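Reckoned from all heavy atoms, side chains included, excluding hydrogens, waters and symmetry mates. Since the structure is predicted, the reported quantities are computational estimates derived from the model, not experimental observations. Residue numbers start from 1 in every chain, and the chains themselves are labelled A, B, ... in the order their sequence lines are given, proteins ahead of strands.
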Number of protein chains: 2
Amino acid sequence: MSVTLKTVAKKSGYSVTTVSRALNGHSDVNVETRQKIEQVARELHYYPNRVAQQLVTKKANVIGLYSLDRETFKNQFIALMISGMMDEATRHDFNLLLFTTQRLQTAQDLINQCTHRGLGGAVISGLRIDEPLLDDLVGMDFPTVLIDVPLQGPRATYVSVDNVLGASQAIDHLAGLGHRQIGFVNGHGAAWVSQERHEGYQRGMQQNGLSPQPGYVFEGDFSKESGRRGAERLLKSHPELTAIFAASDLMAAGVLEQLQLMGLDVPRDISVVGFDDQDLCTHVTPSLTTIRQDMYTFGRVAAQELIAMVNDADYMPQHVDLPSVLVPRASSGPRRTV
Amino acid sequence: MSVTLKTVAKKSGYSVTTVSRALNGHSDVNVETRQKIEQVARELHYYPNRVAQQLVTKKANVIGLYSLDRETFKNQFIALMISGMMDEATRHDFNLLLFTTQRLQTAQDLINQCTHRGLGGAVISGLRIDEPLLDDLVGMDFPTVLIDVPLQGPRATYVSVDNVLGASQAIDHLAGLGHRQIGFVNGHGAAWVSQERHEGYQRGMQQNGLSPQPGYVFEGDFSKESGRRGAERLLKSHPELTAIFAASDLMAAGVLEQLQLMGLDVPRDISVVGFDDQDLCTHVTPSLTTIRQDMYTFGRVAAQELIAMVNDADYMPQHVDLPSVLVPRASSGPRRTV
DNA sequence: GCTCTGATCCGAAACGTTTCGGATTTTCCG
DNA sequence: CGGAAAATCCGAAACGTTTCGGATCAGAGC
């Protein structure tokens with residue numbers, strides 16, 4: 001059968017206890033003994049049974065990623081995040097468990113589910129800002145890291161970029177190119193990042209001495225189609241616009257498509273800036289100027305904070321704002337001088 | 001603390017054994033007793049501890065996805081597959097574990113690692129065809145499903161599309177549009193799909209009465225950059241080409257870029273067909289005609305076969321060839337009549 | 001010589017579940 | 001009514017690990 005501590009004990013002539021302590025680096029075992037045991041363990045290809053380990057220590061070396069929005073699986077957002085979490089998890093010898101849920105239960109149920117699946121903590125992605133569960137979550141004694149939803153507690157934190165800053169960087173960039181009438185295609189209001197990016201848009205406009213008119217803002221839903229609709233609507237009612245900032249690359253791609261459909265040349269007639277820096281930025285023509293957020297690092301940092309919490313009950317989790325950087329490409333250019 | 005079988009037993013007045021059997025639907029427990037116990041369990045919010053369950057039953061309700069090629073995390077390939085696996089896993093009340101490994105060990109080591117992490121079986125993605133581990137894998141008594149690498153055994157199978165057919169569909173499409181000189185930008189030879197698609201290219205040419213010249217084939221590496229190089233090289237040495245088939249969408253995007261750089265109009269001067277049907281097909285201009293393979297279903301089917309193997313030691317795993325379908329878009333058109 | 005200390009090892013209990021084998025009670029049938 | 005069969009329940013062992021509380025022994029200090 002499989003090789004267990006008992007097998008190693010029998011072969012090496014020591015007791016199960018000693019073998020365990022030797023392999024775990026405890027101090028009360030002779031150095032020669034330890035070496036002999038390690039030797040035998042290696043020969044026998046011994047791996048500790050994580051399940052048994054977990055059962056007794058109750059320290060679950062497992063973290064989970066709870067994804068509430070299945071749509072995100074269609075873009076590379078989630079894949080890069082998973083990639084980052086995985087690297088961090090293997091570095092700490094943790095396992096990474098994945099799951100989704102359609103309908104949400106109470107915070108307590110969610111945590112019960114996690115606990116009994118053996119999770120030590122969870123990263124939750126795709127929560128809506130109006131989720132009632134959110135308020136309860138902060139009080140729970142279960143390590144949690146949220147993605148792009150603000151929450152701070154003794155056992156909970158979140159990671160995001162400074163979306164206000166990111167959006168204002170986009171506006172700074174456009175204003176620097178001479179644009180004064182800048183439209184904004186936002187994501188849906190249930191996402192926290194939408195609120196933040198909207199504020200960033202406003203602040204950016206003001207900082208550059210421009211007046212953000214309410215009519216310059218269109219609320220989309222992060223889909224490409226909504227980007228198209230946004231561009232159409234904004235330009236129909238405000239033909240004076242010379243630039244559009246979209247709160248996601250996908251929507252920006254829709255904007256580009258629609259503008260070209262309307263016979264406008266980007267960036268000669270009108271500039272476009274997106275948000276995220278997904279691969280599609282370089283596939284689209286013209287290539288898309290955007291605000292980059294590094295999703296791989298999102299995953300790493302989230303996993304890092306989570307693991308720190310799991311390993312140390314007293315660890316005070318830190319909120320991390322990752323940097324957002326402007327990536328200039330071909331879709332933005334100087335304002336056309338009439 | 002946490003509520004266990006013992007808690008329920010004490011509260012309900014029955015023994016741990018009976019509670020366990022009641023909750024698991026065994027027949028030797030009175031229907032009234034069962035109801036009473038279920039009632040108590042519900043009141044107490046009892047969830048069985050999966051870890052303890054796993055330890056004793058040894059039936060691990062956990063499957064894993066082993067990803068060997070980190071690059072795939074950059075495209076949506078893997079995300080969709082994960083999504084499909086997840087749905088199938090939750091449907092069967094299985095957990096989904098994720099991990100990668102940089103360097104490969106022996107098949108035995110790999111399986112040991114999996115087993116001791118509590119995995120009941122694994123989906124392996126990104127294996128190279130020349131991987132020495134591959135030969136050993138077929139003999140192992142560990143449920144395995146490979147993605148896009150052929151392997152059949154009592155405890156192993158693979159899922160893929162019929163890549164020969166897929167590629168020949170692309171050629172049929174182009175030949176049907178009147179093209180006779182069709183170039184081929186392939187992926188690297190270490191991928192099984194490359195060999196298959198190459199054969200499909202040849203077969204497609206022959207079926208349509210065309211002679212596949214060796215010089216019409218360029219070996220890339222699935223990257224966009226290699227698609228650009230491929231287009232450049234092929235057209236420099238064979239300017240008579242009126243169509244190019246690329247073995248992935250990403251390479252096709254590179255081909256498109258290069259062609260436009262060379263002043264050629266797609267599809268007026270030259271047609272392009274890709275493979276995969278990733279989202280970028282619709283972001284690129286002109287939108288990309290391609291051979292669609294449904295990665296979400298890849299994941300579902302892979303998980304399905306795997307779970308069947310885990311649940312039933314006698315289950316004979318089936319190889320599944322998913323359908324490939326041509327998705328005509330704007331990048332392919334009739335051959336230009338001179 | 002006697003206790004004390006430190007080094008080294010081990011037995012047994014515990015984690016929460018399933019299951020084997022048996023115990024007890026009830027029902028059924030000739 | 002006797003006994004077999006069925007229904008219902010339970011004790012104890014097992015899964016593989018960690019850890020608590022010793023046990024043993026050598027050497028040190030007096």
Side-chain angles (χ1 to χ4, degrees), chain A residues 1-38 40-41 44-62 93 95 112 115-120 311, chain B residues 1-38 40-41 44-62 93 95 112-120 311:
Chain A
M1 272 323 282
S2 68
V3 26
T4 75
L5 269 189
K6 193 150 51 160
T7 327
V8 179
K10 207 159 281 174
K11 180 102 185 273
S12 67
Y14 291 93
S15 76
V16 170
T17 304
T18 305
V19 173
S20 169
R21 301 185 72 80
L23 261 23
N24 284 327
H26 287 236
S27 58
D28 63 345
V29 30
N30 192 309
V31 55
E32 287 174 35
T33 314
R34 179 194 314 281
Q35 282 168 355
K36 264 188 275 181
I37 288 177
E38 278 170 350
V40 174
L44 258 39
H45 290 277
Y46 169 77
Y47 288 87
N49 181 323
R50 310 293 272 268
V51 177
Q53 242 170 12
Q54 236 187 88
L55 182 60
V56 51
T57 60
K58 282 157 149 336
K59 282 229 322 193
N61 277 19
V62 185
D93 204 27
N95 279 342
N112 276 348
T115 310
H116 288 266
R117 280 185 186 229
L119 286 196
N311 278 338
Chain B
M1 272 325 281
S2 69
V3 25
T4 76
L5 269 189
K6 192 146 57 158
T7 326
V8 179
K10 207 158 281 176
K11 180 102 183 271
S12 67
Y14 291 93
S15 76
V16 170
T17 303
T18 305
V19 173
S20 169
R21 301 185 73 80
L23 260 23
N24 285 327
H26 287 237
S27 60
D28 64 345
V29 28
N30 192 311
V31 54
E32 286 175 36
T33 314
R34 179 195 313 281
Q35 281 170 355
K36 265 188 273 180
I37 289 177
E38 278 170 350
V40 173
L44 259 39
H45 289 279
Y46 168 77
Y47 288 86
N49 181 323
R50 310 292 274 268
V51 177
Q53 244 171 11
Q54 236 187 87
L55 182 60
V56 51
T57 60
K58 293 175 143 315
K59 284 233 316 199
N61 277 19
V62 186
D93 204 26
N95 280 342
N112 276 348
Q113 211 181 78
C114 288
T115 310
H116 288 265
R117 279 185 186 228
L119 286 197
N311 278 339

Please report the closest heavy-atom contact between [X] and [Y], naming both atoms and the distance.
| X | Y | value |
| --- | --- | --- |
| A:Asp28 | A:Arg21 | OD1-NE, 3.0 Å |
| B:Val3 | B:His45 | CG1-O, 3.9 Å |
| B:Val16 | B:Leu5 | CG1-CD1, 3.9 Å |

Contact residues, residues 20-28 of chain B to DNA chain D [heavy atom, < 4.0 Å]: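 B:Asp28 - these, ordered by number, are the residues of the stretch whose heavy atoms sit under 4.0 Å from the strand.
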Less than 4.5 Å apart, side chain to side chain, heavy atoms only: is that true for B:Arg50 and B:Asp93?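 Contact flag for B:Arg50/B:Asp93 side chains = yes.
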Toward the 5' end of DNA chain D, which comes first, A:Asn49 or B:Val19, by nearest nucleotide?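 The residue closer to the strand's 5' end, by nearest nucleotide, is B:Val19.
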Please compare B:Arg34 and B:Leu55 by the position of their nearest nucleotide in DNA chain D and report the one closer to 5'.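 Here B:Arg34 is the residue nearer the 5' end.
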Look up atom [atom1] in [X] and atom [atom2] in [Y], then write down how far apart they are to the nearest 0.5 Å.
| X | Y | atom1 | atom2 | result |
| --- | --- | --- | --- | --- |
| B:His26 | B:Thr18 | NE2 | OG1 | 11.5 Å |
| A:Leu44 | A:Lys10 | CG | NZ | 12.0 Å |
| A:Asn24 | A:Arg34 | CG | CZ | 9.5 Å |

If only atom types and distance count, is the side chain of B:Asn30 paired as donor or acceptor with the main-chain N or O of B:Glu32 below 3.5 Å?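 Judged by distance alone, yes, a pair lies under 3.5 Å.
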Anything under 4.0 Å to a heavy atom of chain B counts; send over the first and last such nucleotide of DNA chain D, read 5' to 3'.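 Range of nucleotides within reach of chain B: D:dT8 to D:dG16.
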Does [X] reach a base, just sugar-phosphate, or nothing at all? Heavy atoms under 4.0 Å.
| X | result |
| --- | --- |
| A:Val16 | base |
| A:Thr57 | sugar-phosphate |
| B:Val29 | sugar-phosphate |

